[in-house]
Structure formats: structure tokens, C-alpha cells
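Everything below concerns the one structure shown next.
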There are 2 protein chains.
Amino acid sequence: MTASQFKSAPEPTLRRLPRYLHLLFRLREGGLEDVSSTLIARELKLDPTQVRKDIEYTDIVGRPKTGYPIEDLIIAIEAFLNWNNTEDAFIAGVGNLGSAMLGYQRFKKYGLNFVAAFDTDKQKIGTQIDTIPVLSIEKLPDLANRMKIKFGVLTVPPQYAQFVAEIMVEGGIKAIWNFAPCQLKLPDDVIVENAQLTQSLAVISRKLHEKKILGSD
Amino acid sequence: MTASQFKSAPEPTLRRLPRYLHLLFRLREGGLEDVSSTLIARELKLDPTQVRKDIEYTDIVGRPKTGYPIEDLIIAIEAFLNWNNTEDAFIAGVGNLGSAMLGYQRFKKYGLNFVAAFDTDKQKIGTQIDTIPVLSIEKLPDLANRMKIKFGVLTVPPQYAQFVAEIMVEGGIKAIWNFAPCQLKLPDDVIVENAQLTQSLAVISRKLHEKKILGSD
DNA sequence: TTTGTATTGCGAATTTTTTCTCGATTTTAT
DNA sequence: ATAAAATCGAGAAAAAATTCGCAATACAAA
Ligand SMILES: NC(=O)c1ccc[n+]([C@@H]2O[C@H](COP(=O)([O-])OP(=O)(O)OC[C@H]3O[C@@H](n4cnc5c(N)ncnc54)[C@H](O)[C@@H]3O)[C@@H](O)[C@H]2O)c1
Ligand SMILES: NC(=O)c1ccc[n+]([C@@H]2O[C@H](COP(=O)([O-])OP(=O)(O)OC[C@H]3O[C@@H](n4cnc5c(N)ncnc54)[C@H](O)[C@@H]3O)[C@@H](O)[C@H]2O)c1
């Protein structure tokens, strides 16, 4: 592993990488072999320099005039995000959102492989969703430990989120993707990423509001 | 309306406002009347100055020693995001994710009110999800125009996203909350917010990967 | 009343992120 | 072979966001 593989990229960069990946897939399907930062930037409405700086983090070097080899770039970005290795994951809360995520096959392509789901609802325990078994939440810590699960997805109502998160930590889970609109208090060595839709909604809500106040129409 | 109501807040600020709101609700339930930037910062692991700067955008003034009145702050943030007025919205794509969102009652509290859903699947057309009718996508433009819908949620597979987005624009929709992992090409006056889960996943994936490479355990 | 403490709000400093500039390099066309 | 066009990569500059420092203020306790 090279030194730069250890170098952490800024969060804005991390957020752009999947966008590059989606575009690269599309370009590859279109039969293209190389891509320039100029093209990526135009497609995604970014600055070409920014695209180049982002790509630097993945250790891929481009060639003047032709740009970057798409295949290599895809592999490098996937490796950078560790999406070439699927990470086994548990999900807690098999409600609206939890079920939707379990039914989303594409997560495997993003390195995420659900191996078990957990709930408190007796109606749901014992069933399967797309071959993933739904188990009692009580079984989570022990099973997580034994299966060495490091990744947990939290899709329970906010009032139970802290409790369930602690159960996950008890099971040795080191990264929690939290969809509940609340702040989890966990040991510092546990990575928490809040995938809160309300944050995204706030951005678009405000922009539409501004448009209505100021807007031309 | 004051001048500052027109002032646009930076996106990072917009993203933090819902987090403040969630905390404020919790504090209010706990019977608290005032809150300081210090407390908010400690709870959400932010810098107190940053919290104060964010709150400034909402036109709320605090008092030394006591902080901000929670009730007023809630109202101000909601007003800033226009979450006190519910915005009627259409959603296209009643699959895993679309159904989950339709079933999520709390969106009303975030100013979002689904009035109709659209799909191409004949099995789904004509049904209802939580009192919201599922209609043929063909009816979207005309109905959007007549109902003066400005907000559209896009939860169709990526290969149809551009097509459906254009249909929305045809119907006069001005803000599209896009969940498909692709870049939409639309007129500049249409607000597009990409709520891409993969972006959030990228952040946590990389962090866990780094932890594994460097990590103490 | 006075003193001590916690807090706001604002300007300055710092850090982070984005954008600009430009020389070097590679390919294509003449 | 030479010129023209397009791109990368690196360092500088600019812009944006965060954090610092501190005076002014409100409140509580002595
Ligand atoms: N559905 C959405 O579109 C949406 C949007 C934004 C945020 N969210 C958030 O995502 C989370 C899930 O939302 P949802 O709509 O799926 O809710 P939901 O009520 O449909 O599902 C919650 C599930 O969690 C289970 N649960 C409750 N307590 C549990 C526990 N202690 N252990 C394990 N499972 C438990 C419930 O039995 C239920 O199956 C919530 O925090 C919600 O705020 C959802
Ligand atoms: N489910 C998830 O957890 C998840 C996570 C991340 C991203 N996404 C994205 O969200 C989108 C929806 O995902 P999903 O899992 O719900 O997919 P899905 O396949 O379950 O649902 C898609 C729905 O869109 C409908 N549809 C197809 N073409 C249409 C058209 N032209 N007009 C109207 N409706 C049309 C389909 O009939 C289907 O009901 C996809 O773009 C997906 O990549 C989903």
C-alpha cells in the first residue's frame, strides 16, 4: 500500500467520488476508454481542477491530452472507498426505510452486504426480506461479535436509536450509518455517519423558499 | 419581512439547522425554556461560535447568560426553512424507496405533504399508499400544472430519472429532490437536490476503511 | 450593591476548500 | 517534422467556512 492510501480525503471529496463513479459507469457502458477532468466537470457541473484534485487522492495518474483511463479510475475509486470488498452489515429496524434498504440490491455494488436484520416486532421476527432473515434485536450483540460484524445500519425510530446503537457497539460494531434524526452518544472510536434526509430536505426547502421570495416567477 | 430573511445561508449551515431542530424538540419536551449555544454545541459536537453564527441567519437574538428561548428558536428555524408551511409535493416512482417515503408521516412536520404518487407499473396505478393515490406518470404534467405543484420527489431507477425529471419540469415543478444516483440536466432555474445515499455511504465506507488500515484495533 | 460567572455577538485570524495560472506533456493534424 | 490543441499536475491565489479573542451584557450569589 502506498503512503497516499493512508491519506484521508476531505469529506467534500468523499461525497463527490460516488458521483464520479456513477458517471464513469455510464461512460464505460457507452464504450469510452478514457475520460478527461474537463468532461467529468462539465457533466457534473464542477470545476475541472477540483475533479483533478479529487482524483489525485485515488493515486491514479492521468495523461495529458487523453485524460484518465476509465477502467483504472473506476477500480481506483472503488478501492479507495473499499467498495471492491463487500462489508457484511447488520441492519436494525425493519420498517418502511429498513425494508426499502434491504430490498435495494445495488448496495452490494457499494460494498455493503446485509447479512441479517433485527427488530422488536414479533410479526417481523422469523420472516425474511429478500433472503435476509429478520431476527430479534436481543440476538444482535452476540451474533455481531461472533460474525465479526463491523458495520451497522440504524433505521429504528429516533427514541430507540440510542439504545439500539449501544447494543451495536456492544456487539463490536465500529461504524454506524444512522438514519434516525438524532445525535448518538457513543465512544469516540465508533464512526457515526448521519444519513439524515432532513438535512438534504432543509437545503432544497430553503432554496425553494428563497426562490419564492426573490424569484423571477 | 426583514432583509436578512432574504440572505441565503451557506449550505453547511442549512444542513445543521435540522439537527438543531431535533435537539430543540427534545429539550422542549424535557421542559427546558432556554438553550445556550454552548449546550447545543456540546450535544452536537460542534463549536459554540458556529452554532451562534448559524442561529444568526434565523434572525433570533439571544440573551447573555441565558441563551436563546427554545420556542422562539424552533419557530424561527422552521420559518427559515419554510417548514411551517407545508409544501404540496408529487413523488414519482413508487418502489422500495418511494413507498417508504410515502409511509413516513413525519415529512409533514418538515413541510412536505405528498398529494399524489406516480408510476408506470399498472399493478400500482390505481392503488393508494397511506391515502395517497398512485396515478399514471402520464398524468403528472397536466396535474402538476393545474395543482400548481412546485416540489417533486424522484425515486425512479436512474435510467428513467432524466426522463421523469423532464416531465416534472414540464408540469412546472421548480424543485426536484432526486434520489436516483445520476446527474440531471435541467434548466438552470430548476433547483435539484441530490439526496444520494451513496454519498453518505462513501464517507462512512472510507472512514471505516481507514480505521482498518491505520486503526488501533 | 458588588462580584463572579456564563453568555451573546462581532470582528479578526485561521483553516479548509475551491479556483486560477501556467509550464510540461502527449496526441493529432498539417 | 513541426505546429496546434488539449490535458495534467503543481503551486499560488481566492473564497468559504470555521474557530478564536474579547468587549458588552445579563443574571445569580455574596
Ligand atoms: N421512512 C422514511 O422515509 C424516513 C425518512 C427519514 C427518516 N427516517 C427515519 O428512519 C427511521 C425509520 O423510519 P421508518 O419510516 O422505517 O419507521 P418505521 O416505524 O416504519 O420502522 C421502524 C422499525 O423499527 C422497529 N423497532 C422499534 N424499536 C426497535 C428496537 N428497539 N430494536 C429494533 N427494532 C426496533 C419497529 O418495529 C419498526 O419495524 C426513523 O428514525 C425515521 O425517523 C425515515
Ligand atoms: N431503495 C433504496 O434503499 C435506495 C437507496 C439508494 C438509492 N436508491 C435509488 O432510489 C431510486 C428508487 O429505488 P427503489 O429501490 O425504490 O427502486 P424500485 O425499483 O423499487 O422502484 C422504482 C419504481 O419506479 C417505477 N418507475 C419506473 N419507471 C418509471 C417512470 N418512467 N415513471 C414513473 N415511475 C417509474 C417502477 O415501476 C418502480 O415502482 C433508484 O434510483 C435507486 O437507485 C434507492
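This is a predicted model, so every value here is computed, not measured. Proteins get letters first, then strands, A, B, ... in listed order; numbering begins at 1 in each.
- Nearest heavy atoms, T86(A) versus K108(A): CG2-O, 3.5 Å.
- Partners of Q162(A) under the side chain to side chain donor-acceptor pair (under 3.5 Å) rule, at least two apart in sequence or in another chain, are E166(A).
- Counting any heavy atom pair closer than 4.0 Å across all strands shown, T38(A) reaches sugar-phosphate atoms only and no base atom.
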Can you give me the N/O atom pairs linking the protein to nucleotides 25-30 of chain C at distances under 3.5 Å, or say none if there are none?
from, atom 1, to, atom 2, distance (Å)
dT27(C), OP1, R63(A), NH1, 3.4

### Query
Is there a salt bridge (charged side-chain N to carboxylate O under 4.0 Å, His left out) between E193(B) and R15(B) once you walk through the steps?
CA-CA 12 Å; E193(B) 167 71 16; R15(B) 290 189 186 281; 3.4 Å; yes
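- One can place CG of L14(A) at 16 Å from C1' of dT18(C), the figure rounded to the nearest angstrom.
- Listed by chain and residue number, E43(B) satisfy the salt bridge (Lys or Arg N to Asp or Glu O under 4.0 Å) test with R26(B) (two or more places apart in sequence, or in another chain).
- One axis for each end of the helix from dT1(C)-dA30(D) to dT30(C)-dA1(D), each built from five base pairs, and the angle between them comes to 10° at 10° resolution.
- In this structure, Y160(A) has its ring center at least 6.0 angstrom away from the ring center of F163(A).
- Applying the ring pair (Phe, Tyr, Trp, His ring centres under 6.0 Å) rule to F118(A) yields the partners F90(A); only residues at least two apart in sequence or on another chain are considered.
- Counting non-hydrogen atoms under 4.0 angstrom, S37(B) reaches the backbone sugars and phosphates but no base.
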### Message
Would R206(B) and E210(B) count as a salt bridge (charged side-chain N to carboxylate O under 4.0 Å, His left out) here? Give the steps.
### Response
CA-CA 6 Å; R206(B) 174 64 196 180; E210(B) 281 173 13; 2.9 Å; yes
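- Distance NZ (K53(A)) to C1' (dC20(C)): 10 Å, rounded to an integer number of Å.
- Among all heavy-atom pairs drawn from P10(A) and Y57(A), the shortest one is CD-OH, 3.2 Å.
- Between Y57(B) and dA17(D), a side-chain N or O to OP1/OP2 separation shorter than 4.0 Å is absent.
- Residues from residues 43-52 of chain A with heavy atoms under 4.0 angstrom of DNA chain C, sorted by number: D47(A), T49(A), Q50(A).
- The two atoms that bring I129(A) and S99(A) nearest to each other are CD1-OG, 4.0 Å, heavy atoms only.
- To the nearest 0.5 Å, atom CD1 of residue I60(B) and atom CZ of residue R52(B) are 16.0 Å apart.
- Closest approach of P158(A) to C182(A), counting heavy atoms only: O-SG, 4.0 Å.
- Atom pair E11(B):CD and dA17(D):P shows a separation of 9 Å (rounding to whole Å applied).
- Regarding D59(B), its CG atom lies at a distance of 17 Å from the P atom of dT8(C), rounded to whole Å.
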